[in-house]
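Reminder, nothing fancy here: chain letters follow the sequence lines and each chain counts from 1.
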Amino acid sequence: MKRIKIAALLQSNDFGKEVLVQAWVRTKRESKNVCFLALNDGSTINNLQVVVDISPEMHKILDRIHTGASVSVIGETVESGGKGQSLEIVCKELTVLGEANPEEYPLQPKRHSLEFLREIAHLRFRTNTFSAIFRIRHAMTFAIHKFFNDKGFCNIHSPIITSSDAEGAGEMFKVTNLDLNNLPRTEEGKIDYKEDFFGKATNLTVSGQLEAELAALALSEVYTFGPTFRAENSNTARHLAEFWMIEPEMAFYDINDDMDLAEEMLQYLVKYALDNCREDLEFLKKRREEEQKQKAQNERDEMNLIEKLEFVINNKFERLTYTEAINILKKSKANQKGQFKYPVDNWGIDLQSEHERYLVEKHFKKPVILTDYPKEIKAFYMKLNEDNKTVRAMDVLFPQIGEIIGGSQREENYDKLVGRMQEMNIPQKEMWWYLETRKFGTVPHSGFGLGFERLMLFVTGMGNIRDVIPFPRTPKSAEF
RNA sequence: UCCUCUUUAGCUCAGUUGGUUAGAGCACCUGACUGUUAAUCAGGGGGUCCUAGGUUCAAGUCCUAGAAGGGGAGCCA
């Protein structure tokens with residue numbers, strides 16, 4: 001008999017049919033003559049209830065079954081005699097595929113702390129919360145490819161190992177196969193990378209943007225979606241040393257086209273989750289509501305998870321320039337009463353997360369796109385404005401998460417780009433290939449980077465980025 | 001990296017101004033129960049009080065150092 005998945009079975013409402021189900025036991029509830037097994041196979045947040053009449057033979061089998069065991073069940077679908085589910089199966093054959101010793105199995109049918117589950121990341125997939133999160137993560141991955149594919153974008157696999165460390169996007173992880181206990185040295189005593197695998201120093205990529213630009217200047221519209229590595233000693237709920245980033249790059253797009261695409265994409269992805277992950281989102285909504293009860297009244301969410309997601313797809317993002325944002329912040333009561341840790345006084349300061357949160361959560365109460373930042377606080381490749389002071393950067397700020405997207409129109413003018421590289425001490429020699437795209441058939445173009453796990457934080461309503469990636473890599477932590 | 005908090009049973013936590021044998025709920029085991037929904041009820045077993053020093057007649061509790069984790073900040077996506 002062919003196995004049927006629980007999601008399909010629960011949807012079918014097809015009674016009186018014999019089926020084969022294989023899954024893991026979430027709970028076993030036993031009384032004298034009857035036993036109920038709640039089974040989950042990860043195809044849905046919902047469990048299948050299996051009713052077992054306790055005969056002496058069944059009793060022996062049931063003794064081996066505890067939370068976490070894997071079982072194979074042949075039974076007949078019936079309309080449930082109890083509340084809580086419409087369909088259940090009456091067990092005819094019950095086989096234990098794998099026992100789970102209850103003295104050792106760490107998951108109980110009760111709420112565990114996220115910190116504890118992080119320590120057992122190999123088993124946390126088996127909880128409602130994490131199975132919901134990773135089904136949503138899959139849906140978002142798929143939706144990203146679908147969004148770009150439907151628009152005629154080309155997916156580009158940018159390299160993971162790179163020899164350029166000129167981007168200044170953060171500390172990099174070194175890639176080498178040199179014997180670290182016996183490093184080859186040059187005459188000056190420095191490490192001789194000519195002896196290394198690639199014949200030069202290499203690192204893990206911190207961004208696929210520069211390579212994506214090369215592809216965009218031929219294929220017009222491309223995107224990358226790959227792992228990204230930053231060796232920063234960042235210990236926050238929003239940073240990972242290994243994370244996934246989506247980086248579209250579009251020829252003939254100016255900064256406004258760039259913003260339009262970013263907004264359309266985010267709304268598309270959130271809508272996709274609402275349309276395709278409803279039950280998982282409802283579960284996470286309830287979960288968050290429970291969590292909120294622990295918090296002080298003024299720290300609680302104004303909207304629940306579903307409302308928050310619907311709000312994003314139903315409202316235009318607020319667009320304003322850095323200069324306008326500074327003026328709003330300067331005049332704000334929070335600033336005048338000295339409630340900011342970093343007071344807003346002069347044009348040119350870098351916005352702190354408290355300032356971003358004020359704009360998004362207090363002032364506009366919706367996602368905000370900030371543009372035209374001072375050139376001093378942004379990257380060398382961003383297009384310089386006419387004023388010679390600001391660049392065509394755009395950051396999309398989301399409630400609770402902060403910067404979810406960072407992007408810009410790129411500097412396509414060769415001389416201006418070289419000038420900016422000189423100002424910011426970016427070595428031009430290593431970047432010859434990047435500069436050549438401005439020498440040969442340069443065009444206006446734009447792009448942005450979306451932190452995939454930050455999107456996941458928003459969509460799932462989870463508070464810690466370590467809980468939306470299967471196996472988080474953070475400083476002092478690379479278990480599993 | 002900085003600030004701050006936490007670390008007690010498998011899990012979640014309580015443990016008073018330092019004082020006898022360290023507690024609860026859940027989980028586990030045993031028993032009861034004709035359909036349960038994290039089933040319920042009764043009983044039972046289960047402890048390196050994070051680690052190393054120190055103060056004291058006496059330390060889970062106080063002091064010092066360290067480790068791990070949480071929250072906030074910086075860096076950023």
Sugar-phosphate only, base, or nothing, as touched by A:Pro106 at under 4.0 Å among non-hydrogen atoms: nothing
Sugar-phosphate, base or nothing in reach of A:Tyr342, heavy atoms under 4.0 Å: sugar-phosphate
hbond_proxy A:Ser234 side chain to B:C76 base (donor-acceptor, 3.5 Å cutoff): no
Pair A:Phe452 and A:Phe243, ring centroids less than 6.0 Å apart: no
Spacing of A:Arg357 atom CZ relative to B:G72 atom P, expressed in whole Å: 8 Å
OP1 or OP2 of B:G70 under 4.0 Å from side-chain N/O of A:Arg466: yes
Value in whole Å for how far the P atom of B:U36 lies from CD1 of A:Ile54: 14 Å
CZ-CZ distance between A:Arg473 and A:Arg466, expressed to the nearest 0.5 angstrom: 12.5 Å
Sugar-phosphate, base or nothing in reach of A:Phe243, heavy atoms under 4.0 Å: base
A:Met265 CE - B:A77 P separation (whole Å): 14 Å
Basic-acidic side-chain contact under 4.0 Å: A:Asp395, A:Lys378: yes
Interatomic distance, A:Leu107 atom CG to A:Phe116 atom CZ [nearest 0.5 angstrom]: 6.5 Å
Rounded C1' spacing from B:U16 to B:G23 in Å: 14 Å
B:U12 OP1/OP2 closer than 4.0 Å to side-chain N/O of A:Ser113: yes
A:Leu62 CG - B:U36 P separation (whole Å): 18 Å
A:Asp258/A:Arg392 salt bridge by N-O under 4.0 Å criterion: no
Sugar-phosphate, base or nothing in reach of A:Glu119, heavy atoms under 4.0 Å: nothing
Minimum-distance nucleotide to A:Ser353 side chain [options: B:A73, B:U12, B:C26]: B:A73
Sidechain N-carboxylate O distance under 4.0 Å for A:Glu263, A:Arg319: yes
Watson-Crick and G-U pairing of RNA chain B, under 3.5 Å, as dot-bracket with | and [ ]: (((((((..((((.....[...)))).(((((.......))))).....(((((..]....))))))))))))....
Residues A:Glu291, A:Arg287: salt bridge by 4.0 Å N-O rule: yes
Sugar-phosphate only, base, or nothing, as touched by A:Ile404 at under 4.0 Å among non-hydrogen atoms: sugar-phosphate
Distance below 4.0 Å between A:Asn235 side-chain N/O and B:G74 OP1 or OP2: no
Options B:G69, B:C75, B:G72, nucleotide nearest the side-chain atoms of A:Ala237: B:G72
Touch class at under 4.0 angstrom, heavy-atom based, for A:Glu30 against every strand present: base
Sugar-phosphate, base or nothing in reach of A:Glu242, heavy atoms under 4.0 Å: nothing
Sugar-phosphate only, base, or nothing, as touched by A:Arg118 at under 4.0 Å among non-hydrogen atoms: sugar-phosphate
Contact under 4.0 Å: A:Lys110 side-chain N or O vs B:A38 OP1/OP2: no
Contact under 4.0 Å: A:Thr228 side-chain N or O vs B:A77 OP1/OP2: no
Separation of B:A68 P from A:Glu479 CD (nearest whole Å): 13 Å
Between P of B:G10 and NE2 of A:His112, the distance in whole Å: 13 Å
Nearest-neighbour nucleotide for the A:Glu115 side chain, B:A77, B:G69, B:U12 considered: B:G69
Set of residues satisfying ring-ring contact (aromatic ring centres under 6.0 Å, His included) with respect to A:His122, sequence neighbours excluded: A:Phe480
Phosphate OP1/OP2 of B:G74: any A:Gln352 side-chain N/O under 4.0 Å: yes
Distance-only donor-acceptor test (3.5 Å): side chain A:Glu104, base B:G10: no
A:Arg238 side-chain N/O to B:G72 phosphate OP1/OP2 under 4.0 Å: no
Spacing between A:Leu351 atom CG and B:C75 atom C1', to the nearest angstrom: 15 Å
Touch class at under 4.0 angstrom, heavy-atom based, for A:Ile405 against every strand present: sugar-phosphate
Spacing between A:Leu117 atom CG and B:G10 atom P, to the nearest angstrom: 17 Å
Rounded distance in Å between the P positions of B:U64 and B:G69: 23 Å
Short side-chain N/O contact to B:C29 OP1/OP2 from A:His66, under 4.0 Å: yes
N or O in side chain of A:Thr67 less than 4.0 angstrom from B:A27 OP1/OP2: no
Donor-acceptor pair under 3.5 Å, A:Glu103 side chain vs B:G46 base: no
Electrostatic pair A:Asp301:A:Arg288 at N-O distance under 4.0 angstrom: yes
A:Arg454 with A:Glu403: basic N within carboxylate O range, under 4.0 Å: no
Any A:Ser31 side-chain nitrogen or oxygen under 4.0 Å from OP1 or OP2 of B:G35: yes
